[in-house]
Amino acid sequence: MKHVVLTGFMAVGKTAVGRRLAKRLGYDFVDTDQLIEQQSGMTIAQMFEGLGEAEFRERERRTIAELAPAKPTVIATGGGTFVDEANRRRLKHLGVVVCLVTSLETILDRVARNDARPLAQGDARRRLTELYELRKPAYGKADVLVETEGLTVDQAASRVFTMIAPYLKGNATEAPGS
Ligand code: S3P
């Protein structure tokens, strides 16, 4: 069974597009950041603050290692998840990995309106520009890159749907009426 994994930099729309895509495919949806938060009983911001980033990464790795959905699922991951080699191996094993790509300007614009991201605190422009460049090679290892700049959530989900169709042959078909 092939799942669909969404990766890409923070604020590219992995969760919103993933939910829409899951509905369209008739798949379940899971967001690994939400799983980590549920399992830890705290938000990611609290984890970074109280336990540190290394502990968050440890929990992230554990969550990814244990991830084994029983039904076809769209899996939205955190922006740093796919950068880790063990996570990358596991996620590739789970299915087709799609990287959503949006310009850094759009990302900076979005994170400025939401202060829940610990890595975007302080001088966000400088920090995120560095991270963006650093992570590009890892994102490039996704099976499919999908440019979503300027697209609505619906349009982005449609574009992903079209691009991954060949990878999902043999899985459940599109949900009726979606
Ligand atoms: C992170 C991105 C966040 C979250 C955590 C770390 C990152 O997820 O996993 O704050 O390293 O880029 P989003 O990509 O959903 O913001």
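As the structure lists them, so they are numbered: ligands from 1, and atoms in each ligand from 1. Everything numeric here is computed off the predicted structure, so don't read it as measured data.
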Can you tell whether the side chains of [X] and [Y] come within less than 4.0 Å, N to carboxylate O?
X: Lys92; Y: Asp143; value: yes
X: Glu133; Y: Lys136; value: yes
X: Glu66; Y: Arg62; value: no

Sort and list the pairs that fulfil ring-ring contact (aromatic ring centres under 6.0 Å, His included) and have at least one residue in residues 42-61, not counting sequence neighbours.
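Residue pairs passing ring-ring contact (aromatic ring centres under 6.0 Å, His included), neighbours aside: Phe48-Phe56.
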By salt bridge (Lys or Arg N to Asp or Glu O under 4.0 Å) - contacts of Arg61 (at least two apart):
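Here the qualifying residues are Glu58, Asp84.
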Residues in contact with ligand 1, criterion: heavy atom under 4.0 Å
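If the criterion is a heavy atom under 4.0 Å, then ligand 1 touches Met10, Lys14, Asp33, Ile44, Phe56, Arg57, Gly78, Gly79, Gly80, Arg117, Pro118, Leu119, Arg135.
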Partners of Tyr167 by ring-ring contact (aromatic ring centres under 6.0 Å, His included), sequence neighbours excluded?
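With sequence neighbours excluded, Tyr167 shows a ring-ring contact (aromatic ring centres under 6.0 Å, His included) to no residue whatsoever.
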